[in-house]
Amino acid sequence: MFSLRRARLVSVLLTSGILCSSALQAATSNVLLIIADDWAPPSQPKSGASGWSRLTAEGIRFPTVRDGHASDNTERTALWSGLWPALTGVTADDRDWRLSAALQERPSLPRWLIEKGKTTAAAGKIFHAGSGGTEQRLTGRDGGRRGFAEPAAWKKRFPDDGTQLPLLKQGQTAADSDAAVATWAADFLGQKSSKPFFLAVGLTGATGNLGSDAEAARQRVDATIAQLLEALDRGPHASRTAVILLADQAAKDTAPPLVIRTPDLKTPGQSCPAAVAWVDLFPTICDLLDVSSPKNLSGASLLPQLRDPADERPTPVAPVGSGDDAFSRPLADILGPEREEKVVGCDLLLKLGDTVPADKLPDFKNHALFIEAMLDYDPDLDANAVLISHGTPQSGYAFYFDSGKITLSVFQNAAATTVSSHVLEKGPVHVRAVMDGGGTLALSIPDRCDMLVETPFPEGFPQSISGPLLAGRDTGILRPRWHPDLAPFAGKVTLLRLQADPAPPEPKPIPKAQPVEDEAPPLQVKPALPTGSVPPAIESR
């Protein structure tokens with residue numbers, strides 16, 4: 001029985017501050033995270049229908065978000081990994097975070113929470129994803145509707161385990177997508193849960209809205225946020241659920257919105273002047289759910305600022321540089337023994353996500369090229385996917401799937417010479433592609449396809465190639481205008497090998513045959529010697 005004496009003891013401990021450090025976690029069992037894509041709060045929120053107005057009145061606002069990233073993929077990867085982009089190498093929208101060497105042994109935030117016994121659920125655009133274009137393709141540039149999803153991170157997922165954005169009917173828009181996402185999330189919030197949960201909801205209704213449409217889009221997203229808060233109020237979890245609202249790629253004239261509301265806040269409605277970053281949310285959510293954080297995260301928890309918004313914290317400073325190779329495998333593992341300063345030829349065993357710097361590659365002028373790959377091909381995911389890209393449209397090459405055909409394209413002065421297979425079926429593929437330095441470009445899939453085309457450059461690459469070689473890192477030199485559906489290859493690759501060697505010199509002409517005499521001199525052989533003797537040499541005249 002909880003005695004009056006014990007109640008007084010707890011009261012004394014709280015007053016003295018001994019239990020204050022954990023009081024906030026004790027009041028929170030669940031976390032609702034709302035991510036609004038390309039959103040800024042409306043300039044005139046609608047009274048009674050504004051989620052933003054309600055959260056800023058009931059939570060703590062963080063108006064100084066130091067993100068400074070160029071893409072929402074960069075920001076979302078920072079959120080889910082807890083690491084600066086300079087450490088993960090994810091610095092653009094078409095960089096698949098799942099291929100980052102730095103993240104291969106590190107769980108994402110939702111996977112970490114699963115390991116700690118929490119229920120994870122998600123609806124809508126959580127990791128980076130594209131709209132799929134007018135045809136709403138499942139995959140393609142920026143990931144398509146599937147996006148860079150991680151099915152293993154969620155116990156429950158809408159619209160399904162491998163897809164982030166719902167398929168819209170004719171005439172529907174991103175607002176309809178948000179409505180479907182919000183309906184599913186509201187249903188989740190209305191159900192009882194045997195375990196503490198983490199629910200992430202991604203809204204896209206403001207994506208790409210400019211000019212006069214921007215304010216209306218902001219209003220619609222704001223109203224959807226209000227609907228989610230109302231659904232939380234009606235359900236069984238309202239008194240023990242923290243809410244975090246943030247937006248990526250906000251309008252240029254506003255700071256990216258970030259507000260956090262937790263149960264039993266002592267000073268709701270205040271702003272925290274301290275600078276924060278997306279990497280701070282990983283440890284913050286762990287603290288709110290009362291679980292430990294992984295080691296070596298880039299950020300620091302915002303829990304002290306939720307207790308006291310005036311509490312100082314160091315300004316987050318990201319590492320300098322893009323860091324594409326910061327956590328890549330040692331170059332010795334990729335390139336083999338150390339080479340001389342001037343690299344002549346190369347033989348690389350690559351993995352998806354590798355970046356090979358230019359100083360470890362030959363300049364490729366007058367070099368022959370050989371590529372071999374063994375992979376599992378899925379046309380629903382990989383029909384337009386890049387395996388290798390190197391150089392520029394002025395001078396370079398790319399090895400990729402184009403509308404289901406495995407393709408090698410070599411670029412000279414922005415013109416491409418291309419060899420492609422037939423459309424491939426789902427299953428294992430073993431392919432070899434060659435530019436032999438003798439004027440031909442060839443592609444072979446054993447027992448399935450052999451293609452050969454002539455090139456306008458008969459002695460290998462006609463020009464030097466600059467820049468790093470990228471293996472499944474992004475779409476590289478293939479321009480969106482001509483390849484709108486391309487994305488980095490994200491399937492299983494068991495072998496990806498590239499060789500470049502100086503093209504063999506032009507063969508010398510075969511000497512003319514010499515006339516042969518009608519009668520050759522007879523061959524004279526001496527009789528064999530007795531056994532044990534040294535045999536004589538064969539003599540001829």
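Keep in mind that this is a model prediction, so the values were computed, not measured.
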Whether [X] side chain and [Y] backbone form a donor-acceptor pair below 3.5 Å:
X: S131; Y: G133; answer: yes
X: T475; Y: L486; answer: no
X: Q136; Y: L168; answer: yes
X: D176; Y: T173; answer: yes
X: D187; Y: W184; answer: no
X: W97; Y: F148; answer: yes
X: S389; Y: I477; answer: yes
X: T120; Y: A153; answer: yes
X: T204; Y: T207; answer: no
X: T56; Y: S53; answer: yes

Practice task
Please say which of R145, R157, K125, R146 ends up in a side chain to side chain donor-acceptor pair (under 3.5 Å) with Q164.
Solution key: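 Exactly one candidate clears the test, R157.
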Between [X] and [Y], is any pair of side-chain heavy atoms under 4.5 Å apart?
X: D72; Y: H128; value: yes
X: S100; Y: T77; value: no
X: P309; Y: I60; value: yes
X: L387; Y: V493; value: yes
X: W278; Y: D248; value: yes
X: R261; Y: P268; value: no
X: L349; Y: L496; value: no
X: I244; Y: L258; value: yes

Can you check whether [X] and [Y] have ring centres sitting under 6.0 Å from each other?
X: F188; Y: F197; answer: yes
X: F401; Y: Y377; answer: yes
X: W80; Y: F282; answer: no

Taking all atoms of both residues into account, what is the closest heavy-atom pair of [X] and [Y], and its distance?
X: A206; Y: D37; answer: CB-O, 3.7 Å
X: A186; Y: A231; answer: CB-CB, 3.5 Å
X: P42; Y: D222; answer: CG-OD2, 3.5 Å
X: S301; Y: D287; answer: OG-OD2, 2.7 Å
X: C272; Y: P63; answer: O-CD, 3.3 Å
X: V221; Y: L203; answer: CG1-CD1, 4.1 Å

Handout entry: Qualifying residues under ring-ring contact (aromatic ring centres under 6.0 Å, His included), relative to W52, sequence neighbours excluded
Key =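 Not a single residue meets the ring-ring contact (aromatic ring centres under 6.0 Å, His included) criterion with W52.
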Less than 3.5 Å apart, any donor N or O on the side chain of [X] or [Y] sitting next to an acceptor on the other?
X: H483; Y: N384; result: no
X: D160; Y: T163; result: yes
X: R240; Y: T28; result: no

Practice task
Apply the test side chain to side chain contact (heavy atoms under 4.5 Å, CB included) to residues D485 and T139: give CA-CA distance (whole Å), side-chain angles for both, the deciding distance (0.1 Å), then the verdict.
Solution key: CA-CA 7 Å; D485 304 321; T139 61; over 6 Å; no
Handout entry: Worked check of side chain to side chain contact (heavy atoms under 4.5 Å, CB included) between V201 and V181
Key = CA-CA 7 Å; V201 180; V181 166; 3.6 Å; yes
For the [atom1] atom of [X] and the [atom2] atom of [Y], what is their distance to the nearest 0.5 Å?
X: H237; Y: S239; atom1: NE2; atom2: OG; result: 10.0 Å
X: L79; Y: F127; atom1: CG; atom2: CZ; result: 8.5 Å
X: I126; Y: L199; atom1: CD1; atom2: CG; result: 8.0 Å
X: L245; Y: R54; atom1: CG; atom2: CZ; result: 12.5 Å
X: L113; Y: K118; atom1: CG; atom2: NZ; result: 8.0 Å
X: L281; Y: T284; atom1: CG; atom2: OG1; result: 5.5 Å

Practice task
Could you give me the CA-CA distance, side-chain angles and deciding distance for E215 and S43, then say whether side-chain hydrogen bond (donor to acceptor under 3.5 Å, both in side chains) is met?
Solution key: CA-CA 7 Å; E215 181 65 18; S43 56; 3.2 Å; yes
Practice task
Could you walk me through whether Q305 and R313 pass side-chain hydrogen bond (donor to acceptor under 3.5 Å, both in side chains), step by step?
Solution key: CA-CA 8 Å; Q305 286 68 43; R313 59 185 277 117; 3.3 Å; yes
Exercise for the section: Quick one: do L228 and I34 satisfy side chain to side chain contact (heavy atoms under 4.5 Å, CB included)? Show the steps, please. Expected result: CA-CA 9 Å; L228 290 171; I34 305 171; 3.9 Å; yes
Problem - Salt bridge present between E150 and R98 (N-O < 4.0 angstrom) - result: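 Here E150 does not pair with R98 in a salt bridge, since their nearest N and O are not under 4.0 Å apart.
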Exercise for the section: Please identify each residue that fulfils salt bridge (Lys or Arg N to Asp or Glu O under 4.0 Å) with E135, with sequence neighbours left out. Expected result: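 Checked E135 against salt bridge (Lys or Arg N to Asp or Glu O under 4.0 Å); matches are R137.
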Practice task
Output, in order, the C-alpha distance, side-chain angles, deciding distance and verdict of side chain to side chain contact (heavy atoms under 4.5 Å, CB included) for D280 and F62.
Solution key: CA-CA 12 Å; D280 296 325; F62 296 85; over 6 Å; no
Exercise for the section: For a side chain to side chain contact (heavy atoms under 4.5 Å, CB included) with L303, tell me which candidate from L288, D311, I260 qualifies. Expected result: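 In the set L288, D311, I260, the residue that makes a side chain to side chain contact (heavy atoms under 4.5 Å, CB included) with L303 is L288.
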Handout entry: Derivation of the side-chain hydrogen bond (donor to acceptor under 3.5 Å, both in side chains) call for T407 and D402
Key = CA-CA 7 Å; T407 301; D402 183 10; 5.0 Å; no
Problem - Lys NZ or Arg CZ of K116 over W112 ring: under 6.0 Å, within 45° - result: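 Judged by the rule (NZ or CZ under 6.0 Å from the ring centre, within 45° of its axis), K116 counts as positioned above W112.
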Which donor-acceptor pairs under 3.5 Å do side chains of residues 291-300 form with protein atoms, sequence neighbours excluded?
{"unit_1": "S298", "atom_1": "OG", "unit_2": "W84", "atom_2": "N", "d": "3.1"}

